[in-house]
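Quick caveat: nothing in here was measured; it's all calculated off a predicted structure.
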Amino acid sequence: MKTHQPKLKTQLFSCGFFGHCAQNVLSPTGATPPLPLTPPRLLKPDCDSSTSSSSSATSQSFTQWRFSLPTPNTNTNTDTDTKTNTSASTPQQTLDLQELFHVSELQLSTDLTAALHLLERSLVPNPPQEQPPCPPNLMRELLRNLREAKPATKILFALCLSEANRRVAVEAGAVGAVVESATELDGPPAERALAALELMCTVAEGAEEVRAHALAVPVMVTMMGKTGARGKEYAIGVLGVMYGGPVAEHMTAPPEEVARAVELALQEECSARGRRKGAQLLKTLQQLSEPQPHPHDAN
């Protein structure tokens with residue numbers, strides 16, 4: 001288990017951790033043209049298909065995400081409110097994505113902006129759930145630019161719809177990168193970063209990483225207060241993973257304090273799925289708050 005060193009600004013904790021934050025934080029509140037690589041063709045989703053794996057089911061819950069296209073296209077009817085449709089990739093599409101990753105990786109050293117825009121145009125707005133593994137170097141460069149590069153959170157979220165690339169992201173340090181940059185993001189970029197983080201939590205190594213991160217709980221509490229309905233849903237989902245796991249009893253944040261923050265968040269705008277996740281999280285936190293019977297009490 002890795003040990004993460006807190007990197008966020010110390011004012012995140014200047015309010016007695018949760019006591020004051022829960023009330024204040026949770027109140028409402030020319031790029032270089034890309035290389036001429038043809039983006040992979042994406043299929044429409046098969047409405048009759050189904051899957052039994054929990055990770056695929058989790059991915060399906062993110063298909064309501066709406067991407068904004070990088071540039072208008074007069075040949076399509078797609079606008080900024082187009083819903084993401086994920087689908088299984090074909091063999092040809094897999095080869096196209098492999099070529100896309102290779103070309104983007106080659107561009108990193110000469111033109112990072114072009115590389116990111118190439119990925120954005122090819123993966124957004126219809127990223128497939130089945131993707132070839134993203135090169136680790138490309139993933140690490142993407143993570144280094146989460147704060148600065150506008151397309152970075154779009155690309156990370158699109159990649160994390162694939163279970164294979166969730167593992168690549170976790171191994172590249174994406175859990176720590178998202179936790180430590182989340183409070184500096186606003187609006188859709190913040191929500192996409194949180195969505196990617198919750199998807200990474202469906203991988204055992206990702207769940208372990210987020211539970212081990214010293215800043216994960218206070219950052220998720222902060223993000224519940226500064227994001228909209230979707231952001232609250234994803235932050236609550238991450239907290240649910242943290243407190244629902246085998247190391248929940250070792251959490252430094254008292255469950256009752258986290259529960260108060262969740263209750264405040266649910267009083268504001270929140271998606272229906274977020275409210276269901278919140279209700280389950282509150283049950284878990286209540287169980288953790290109750291005193292455990294001593295073994296000798298049974299006698």
Side-chain angles (χ1 to χ4, degrees), residues 7 30-42 65 67-76 78 80 84 86 89-182 184-197 199-200 206:
K7 299 180 181 179
T32 303
L35 291 182
L37 176 67
T38 302
R41 294 175 298 170
L42 301 176
W65 183 268
F67 278 111
S68 297
L69 294 176
T71 54
N73 187 337
T74 57
N75 295 326
T76 67
T78 306
T80 56
T84 297
T86 57
S89 59
T90 64
Q92 180 59 46
Q93 185 179 7
T94 298
L95 291 174
D96 290 341
L97 284 172
Q98 288 174 337
E99 182 181 1
L100 166 71
F101 292 153
H102 178 67
V103 172
S104 299
E105 187 176 23
L106 291 176
Q107 279 189 314
L108 288 177
S109 59
T110 57
D111 196 335
L112 173 64
T113 300
L116 292 179
H117 278 286
L118 176 59
L119 287 167
E120 181 184 15
R121 288 174 181 273
S122 302
L123 289 172
V124 177
N126 297 308
Q129 288 186 29
E130 296 181 13
Q131 305 168 13
C134 176
N137 287 340
L138 183 58
M139 181 68 76
R140 284 192 289 268
E141 193 64 36
L142 179 67
L143 297 174
R144 278 194 287 267
N145 288 273
L146 282 181
R147 297 178 180 91
E148 292 79 15
K150 186 177 180 180
T153 57
K154 291 183 182 181
I155 299 166
L156 178 62
F157 171 66
L159 289 173
C160 284
L161 287 170
S162 161
E163 183 175 357
N165 280 322
R166 291 173 216 167
R167 296 184 182 279
V168 174
V170 171
E171 292 172 0
V175 170
V178 171
V179 169
E180 291 157 20
S181 63
E184 299 179 35
L185 300 174
D186 294 296
E191 294 175 356
R192 286 190 291 263
L194 292 173
L197 180 60
L199 282 168
M200 283 185 272

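Here the CG atom belonging to L100 is positioned 12.5 Å from the CZ atom belonging to R121, to the nearest 0.5 angstrom. Between the CG atom of L194 and the OG1 atom of T153 there is a distance of 10.0 Å, given to the nearest 0.5 Å. Taking CG of D111 as the start and NE2 of H117 as the end, the distance is 9.5 Å to the nearest 0.5 Å. Taking CG of L199 as the reference point, atom CG of N165 lies at 11.5 Å (rounded to 0.5 Å). Between H102 atom NE2 and L138 atom CG the span is 11.5 Å, to the nearest 0.5 Å. The line from CZ of R166 to CG of L159 is 11.5 Å long, rounded to the nearest 0.5 Å.
The two residues A193 and V178 make their nearest non-hydrogen contact at O-CG1, 3.5 Å. For C134 against V168, the heavy-atom pair with the smallest separation is O-CG1, 3.4 Å. In plain terms, the two heavy atoms of L143 and G173 that are nearest each other are CD1-C, 3.9 Å. Heavy-atom minimum distance, P132 versus F101: O-CE1, 3.3 Å. When all heavy atoms are compared, the tightest approach of T110 to L106 is OG1-O, 4.2 Å. The shortest non-hydrogen separation linking V175 to G206 is CG2-O, 4.1 Å.
Residues E171 and P136 have side chains not in contact (no heavy-atom distance under 4.5 Å, counting atoms from C-beta outward). At least one side-chain heavy atom of R192 sits under 4.5 Å from a side-chain heavy atom of P189.
Annotation: side chain to side chain contact (heavy atoms under 4.5 Å, CB included) contacts of R167 (sequence neighbours excluded): E163, V203, E205. Contacts of N137 classified as side chain to side chain contact (heavy atoms under 4.5 Å, CB included), with partners at least two apart in sequence or in another chain: E105, R140. With sequence neighbours excluded, the residues satisfying side chain to side chain contact (heavy atoms under 4.5 Å, CB included) with A149 are L116, N145, P151, A152.
A donor-acceptor contact shorter than 3.5 Å links the side chain of Q131 to the backbone of A158.
If you run side chain to side chain contact (heavy atoms under 4.5 Å, CB included) between L97 and each of P133, P128, S122, only P128 comes through.
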- Message: Applying side-chain contact (heavy atoms from CB on, under 4.5 Å) to M139 and L156, what does each step give before you reach the verdict?
- Response: CA-CA 8 Å; M139 181 68 76; L156 178 62; 4.1 Å; yes
